4 protein chains.
Amino acid sequence: MSTTDPSPRRRRKEARPQELLDAALELFVEKGFAATRAEEVAVRAGVSKGTLYLYFQSKEDLLRAVITHNLSERIAEGAAQVAAFSGSASELLRVVLCEWWEHIYNSPAGAVFKLVITEVRNFPEISEFYIHEVVEPAHHLLGGIVQRGIAQGEFRPVDVDVAVHSLVLPLIMICVHKHSIGACGMGEQHSLDGNAFIRQHVQLVLDGLCQPATRQPTDDTPP
Amino acid sequence: MSTTDPSPRRRRKEARPQELLDAALELFVEKGFAATRAEEVAVRAGVSKGTLYLYFQSKEDLLRAVITHNLSERIAEGAAQVAAFSGSASELLRVVLCEWWEHIYNSPAGAVFKLVITEVRNFPEISEFYIHEVVEPAHHLLGGIVQRGIAQGEFRPVDVDVAVHSLVLPLIMICVHKHSIGACGMGEQHSLDGNAFIRQHVQLVLDGLCQPATRQPTDDTPP
Amino acid sequence: MSTTDPSPRRRRKEARPQELLDAALELFVEKGFAATRAEEVAVRAGVSKGTLYLYFQSKEDLLRAVITHNLSERIAEGAAQVAAFSGSASELLRVVLCEWWEHIYNSPAGAVFKLVITEVRNFPEISEFYIHEVVEPAHHLLGGIVQRGIAQGEFRPVDVDVAVHSLVLPLIMICVHKHSIGACGMGEQHSLDGNAFIRQHVQLVLDGLCQPATRQPTDDTPP
Amino acid sequence: MSTTDPSPRRRRKEARPQELLDAALELFVEKGFAATRAEEVAVRAGVSKGTLYLYFQSKEDLLRAVITHNLSERIAEGAAQVAAFSGSASELLRVVLCEWWEHIYNSPAGAVFKLVITEVRNFPEISEFYIHEVVEPAHHLLGGIVQRGIAQGEFRPVDVDVAVHSLVLPLIMICVHKHSIGACGMGEQHSLDGNAFIRQHVQLVLDGLCQPATRQPTDDTPP
DNA sequence: CATGAATGAGACTTCATTCAT
DNA sequence: AATGAATGAAGTCTCATTCAT
């Protein structure tokens with residue numbers, strides 16, 4: 001109802017790319033890139049086959065757009081949180097991870113993880129983009145917090161990379177699970193979704209990070 | 001049943017299905033099921049296109065065979081270990097997880113995780129098989145150990161499922177990573193492969209599980 | 001019919017069909033009818049795709065218009081020349097052919113020859129039009145001159161049709177060449193364009209036509 | 001019934017490329033490259049759509065093969081004739097041109113002229129091939145004969161290139177005509193096909209070339 | 001009149017599968 | 001049992017044409 005209300009035709013036009021990207025993400029995650037027909041994407045977006053090609057040069061181009069579009073949005077979110085926070089490293093990690101989690105798990109971004117894992121070997125440029133734009137920034141951010149925790153004596157002097165991975169990999173795995181096995185409707189037993197797990201998981205690893213005294217020799221006696 | 005080897009030609013013939021399964025696993029993991037051509041599988045297995053169809057009714061049938069064949073083998077391995085073991089729950093988990101890990105990570109079985117994640121939604125019967133034959137047995141096994149650890153006072157009374165997932169999800173995620181992003185040759189920085197991580201990760205979570213005294217209020221954390 | 005020019009905008013509008021016809025001729029000759037997109041024609045004419053369809057019912061209709069429009073103009077030109085001429089048949093042929101040549105070779109009409117050759121078999125009505133409106137009038141005109149030359153003892157009693165074809169076919173072929181192989185920019189060696197050839201070619205055939213004795217000085221003084 | 005009679009299947013296979021090339025030449029000349037569907041070619045060759053692609057990578061590749069295949073064959077034919085000939089330049093030209101003519105006009109090679117003219121601007125590599133493999137050899141051959149005729153006083157000192165073109169262009173034009181306008185079945189009036197024309201045309205131009213005195217009678221007596 | 005977003009028939013090309021050899 | 005030529009359904013992409021603005 002704004003005064004600059006564009007015509008319906010024009011409004012449709014501006015919304016098309018996003019509608020197509022959304023439909024494509026859904027279908028690519030659901031069936032895989034190669035098994036999704038371009039026309040399916042178009043139909044789910046409410047347009048015809050030809051219209052898809054007004055906005056994307058090829059199906060492959062659409063895939064790239066889906067990934068970059070959905071990842072670019074969420075990238076900088078965490079950094080702001082961290083900068084504005086004051087408190088213990090534990091608390092900061094808990095906040096950052098859980099907040100991130102809720103944003104990502106319940107948004108298209110979560111699906112992108114599965115998409116990247118599924119398609120990256122056929123489109124190597126995706127790998128580059130994903131590592132530079134997602135993996136490295138996130139790893140750097142979390143690694144910094146862990147590092148700080150260690151420096152301040154809050155955490156034991158563990159391997160920073162290991163700690164970050166122990167914290168983060170289950171989060172990603174659950175996103176992936178949600179969009180693969182978890183979407184097969186095999187009952188709720190192994191649902192393992194839900195934010196409940198994340199909170200407890202983070203707590204569990206933080207417990208492992210914090211405790212100073214009771215320590216086993218950390219040896220890794222080979223078999 | 002004779003001890004003498006069959007002729008090379010005969011041995012070759014009997015090995016065909018296995019060679020086709022191996023080639024199919026490699027290619028399905030590398031390019032995805034839909035993007036892999038039946039002839040590619042045949043060629044990599046050293047036979048012709050037609051031969052593939054002497055052993056498998058269809059490409060889809062080949063996919064099912066790849067998954068069931070590679071998973072069925074590894075299923076019972078762990079149970080034996082556990083039964084024969086006496087020691088602390090921590091020690092048992094460490095041994096079981098690390099031993100499993102080495103077997104799976106460096107074998108075709110690791111690739112199957114990626115394959116299952118990638119293809120389940122197009123072939124729901126895979127989900128059923130995977131959950132019944134892999135997820136449930138493994139979860140039951142590990143959950144039992146954790147349960148025992150709690151009952152014996154070795155572990156704090158955590159949620160068993162959470163603990164199992166915290167322990168196991170990174171292992172699976174690393175398998176998946178190895179066959180997706182990790183296979184893109186993007187430098188060694190984010191390699192995160194290697195058994196080193198697993199040992200430290202398991203230790204870290206076990207630390208979180210064991211510690212009795214120094215505890216934060218664990219619960220709470222309002223949304 | 002007023003002597004005052006219409007407004008630029010109005011003139012533009014009235015010129016649209018001609019601009020579209022010109023653009024279409026260029027492109028149809030350059031790429032062929034089937035390989036030329038309607039939008040390309042529109043763009044080269046400086047209008048939008050939709051506008052093309054305001055003036056022509058279909059792409060095929062446009063092709064017909066291109067041909068009839070460009071051929072109709074040049075048809076009657078020669079007849080007038082002939083009627084007003086007094087002199088030998090040789091001289092008349094030389095004048096008519098060379099004059100025609102310069103008009104046609106350096107005008108869109110030359111391109112139409114290639115277009116007709118290229119597209120007739122897909123649009124048989126073009127054949128009818130072309131034969132009735134171009135081939136027959138021209139053949140009749142030239143044949144008449146040759147006939148007169150024979151009757152007057154200036155030419156030997158050759159087959160009139162043969163003589164006409166020997167005179168004319170190279171002219172057409174050079175038009176066609178200019179718009180096919182000659183437009184590929186393959187160097188100037190086999191350019192064979194240029195009015196020089198035509199003059200000498202006509203002279204050569206006229207030499208063959210003329211009675212043995214009555215030979216002219218074979219001058220080919222270029223302009 | 002030779003002893004090395006291959007199986008029917010195999011015999012088919014070896015004949016396929018030629019059958020496809022023949023069908024393609026017919027259709028490309030008839031309808032143009034762009035307007036011919038790949039499946040039409042396949043059907044006319046008696047195979048299915050897919051089979052075409054077992055022998056040619058693409059429709060474009062098929063076009064190139066059609067042209068090179070049909071032109072390469074006829075290239076060297078003339079040179080042999082010339083080498084083996086002794087007699088006047090006039091006689092040699094008459095023999096070479098008329099013999100060539102019969103070979104080319106009544107063979108697929110004649111159709112290729114129209115095809116080249118029609119498609120060359122969309123596939124510039126055709127131009128290169130055609131000029132190097134057809135135009136230049138043929139022009140060189142005929143130019144040599146004319147040159148010799150002039151040197152021996154048989155011909156007047158005309159421009160060699162002009163003479164060659166005057167002789168040859170009508171032949172090519174008639175080939176082109178046969179496969180364009182001539183194929184539209186517009187009655188026999190303007191048929192202008194037939195070897196009759198060629199003989200008379202060559203004679204007419206040769207008459208123009210010969211020294212004034214030395215007219216038709218095979219006599220000579222140069223000045 | 002003019003535009004250009006939208007459509008969908010249709011063309012090229014691929015590939016799972018069959019079957020004669 | 002093994003092959004690989006052949007098929008044709010199906011998928012990607014194009015483009016002539018329409019029509020709301």
Side-chain angles (χ1 to χ4, degrees), chain A residues 6-14 16 34-43 46-62, chain B residues 9-10 12-14 16 34-43 46-62, chain C residues 9-10 12-14 16 34-43 46-62, chain D residues 6-14 16 34-43 46-62:
Chain A
S7 71
R9 181 81 162 259
R10 180 133 194 89
R11 191 163 56 237
R12 288 310 300 274
K13 175 180 194 251
E14 279 160 3
R16 288 272 194 263
T36 300
R37 287 181 300 140
E39 189 166 14
E40 285 179 280
V41 175
V43 167
V47 299
S48 76
K49 201 178 11 172
T51 301
L52 172 65
Y53 289 92
L54 294 177
Y55 297 97
F56 300 94
Q57 296 203 352
S58 67
K59 200 179 133 186
E60 204 173 312
D61 186 48
L62 177 61
Chain B
R9 174 163 173 85
R10 178 141 190 85
R12 192 72 203 277
K13 192 162 67 182
E14 281 163 0
R16 282 283 153 72
T36 300
R37 292 180 313 159
E39 187 166 15
E40 285 179 280
V41 176
V43 166
V47 298
S48 77
K49 208 176 1 175
T51 302
L52 174 66
Y53 286 88
L54 295 175
Y55 296 98
F56 301 95
Q57 295 203 356
S58 68
K59 198 179 135 186
E60 205 173 310
D61 186 49
L62 176 62
Chain C
R9 173 163 175 88
R10 178 139 190 86
R12 190 72 201 278
K13 193 162 66 181
E14 280 162 1
R16 283 283 155 72
T36 301
R37 292 180 315 165
E39 187 168 15
E40 284 179 280
V41 176
V43 166
V47 299
S48 79
K49 206 176 1 174
T51 301
L52 173 67
Y53 287 88
L54 294 175
Y55 295 98
F56 301 94
Q57 294 203 356
S58 67
K59 198 179 136 188
E60 205 173 310
D61 187 49
L62 176 60
Chain D
S7 71
R9 180 83 163 257
R10 180 132 194 90
R11 192 162 52 236
R12 291 308 302 273
K13 175 181 193 250
E14 279 160 4
R16 288 271 194 263
T36 301
R37 288 180 300 140
E39 188 167 14
E40 286 180 279
V41 176
V43 167
V47 299
S48 76
K49 204 176 6 175
T51 301
L52 173 66
Y53 289 91
L54 293 177
Y55 297 96
F56 300 95
Q57 295 202 352
S58 66
K59 200 179 133 185
E60 204 173 311
D61 186 49
L62 177 60

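A note on names: the letters A, B, ... follow the listed sequences, proteins ahead of strands, and every chain is numbered from 1. Predicted model only: the values in this text are computed from it and were never measured.
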Base-contact (B) and sugar-phosphate-only (S) positions in nucleotides 8-14 of chain F, heavy-atom cut-off under 4.0 Å, - elsewhere: BBBSSBB
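Across all their heavy atoms, Glu40(A) and Ala35(A) have their closest contact at OE1-O, 4.0 Å. Between Ala38(D) and Tyr53(D), the shortest heavy-atom contact is CB-OH, 3.7 Å.
Rounded to whole Å, atom C1' of dT14(E) lies 11 Å from atom CG of Leu54(D). Put simply, CG on Leu62(D) is 14 Å from C1' on dT13(E), counting in whole angstrom units. When rounded to the nearest whole Å, the span between CD of Glu40(D) and C1' of dA11(E) equals 11 Å. The distance between atom CG of Leu52(D) and atom C1' of dA5(F), rounded to the nearest whole Å, is 14 Å.
In this structure Glu39(C) satisfies the salt bridge (charged side-chain N to carboxylate O under 4.0 Å, His left out) test with no other residue, sequence neighbours excluded. Phe56(C) is linked by a side chain to side chain contact (heavy atoms under 4.5 Å, CB included) to Leu20(C), Leu21(C), Leu52(C), Asp61(C), Leu62(C), Ala65(C), counting only residues two or more places apart in sequence or in another chain. Residues satisfying the side chain to side chain donor-acceptor pair (under 3.5 Å) test with Thr51(C), not counting sequence neighbours, are Ser48(C). Under the side chain to side chain donor-acceptor pair (under 3.5 Å) criterion, Gln57(C) pairs with no residue at all, not counting sequence neighbours.
In this structure, Lys59(B) contributes its side chain and Thr36(B) its backbone to a donor-acceptor pair below 3.5 Å.
With pairs defined as Watson-Crick or G-U wobble and both atom distances under 3.5 Å, the stems of at least three pairs that touch DNA chain F come out as E:2-21 with F:2-21.
Dashed line: the shortest gap from a side-chain N or O of Tyr55(D) to OP1 or OP2 of dA5(F) is not under 4.0 Å. A close approach under 4.0 Å does occur between a side-chain nitrogen or oxygen of Arg16(A) and OP1 or OP2 of dA6(E).
If you check every strand for non-hydrogen atoms under 4.0 Å, Phe56(D) touches nothing.
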